[in-house]
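Below you'll find the structure, written out as structure tokens, and then a few comments.
In what follows, residues are counted from 1 in the order of the sequence shown.
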Amino acid sequence: KNKGGSAFPYVASHEYSDGMSLRDYFAAQAMIGYLISTEMEIGNAISDTTLKNRADHFYRMADAMIAARK
């Protein structure tokens, strides 16, 4: 799966790190936008299935953003 490369690569102590993948970054930004726009609170009342479905949706959005970059 194309993860879009690194979002925050860095070099520290002569060791390279890829940091977070661009796919993870895009998915996190989509999640934040959703939470802000819906003023939704994440709590124990939301089922694990619902949370997994939403996470899958944010990653689908991230995949679409990565595909649109090319």
Side-chain angles (χ1 to χ4, degrees):
K1 180 152 227 110
N2 179 2
K3 294 184 179 183
S6 300
F8 304 105
Y10 64 92
V11 176
S13 302
H14 305 288
E15 291 185 29
Y16 178 79
S17 172
D18 288 335
M20 172 187 278
S21 75
L22 190 57
R23 182 175 187 251
D24 290 334
Y25 179 76
F26 282 166
Q29 295 301 307
M31 179 186 68
I32 291 167
Y34 172 79
L35 292 173
I36 290 171
S37 70
T38 61
E39 297 180 9
M40 183 184 125
E41 293 184 25
I42 298 291
N44 291 333
I46 298 174
S47 73
D48 290 345
T49 299
T50 298
L51 290 175
K52 167 110 176 49
N53 289 340
R54 288 188 181 151
D56 289 344
H57 176 77
F58 301 136
Y59 273 103
R60 284 180 36 228
M61 291 176 72
D63 291 341
M65 286 186 264
I66 289 169
R69 294 177 75 222
K70 297 181 178 195

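Every side-chain contact (heavy atoms from CB on, under 4.5 Å) that Tyr59 has, sequence neighbours left out, goes to Arg23, Asp24, Ala27. Among residues two or more places apart in sequence or in another chain, the side chain to side chain donor-acceptor pair (under 3.5 Å) test is passed with Thr49 by none. Partners of Met61 according to the side-chain contact (heavy atoms from CB on, under 4.5 Å) rule, which considers only residues two or more places apart in sequence or in another chain, are Ala30, His57, Phe58, Met65. Taking the ring pair (Phe, Tyr, Trp, His ring centres under 6.0 Å) definition, one finds that Phe26 meets it with nothing, sequence neighbours left out.
Remark: Lys52 engages Asp56 in a salt bridge, criterion side-chain N to carboxylate O under 4.0 Å.
The neighbour count for Asn53 CG, taken as heavy atoms of other residues, nucleotides or ligands under 6.0 Å away, is above 12.
Remark: Ile46 CD1 to Arg54 CZ distance equals 5.0 Å, nearest 0.5 Å.
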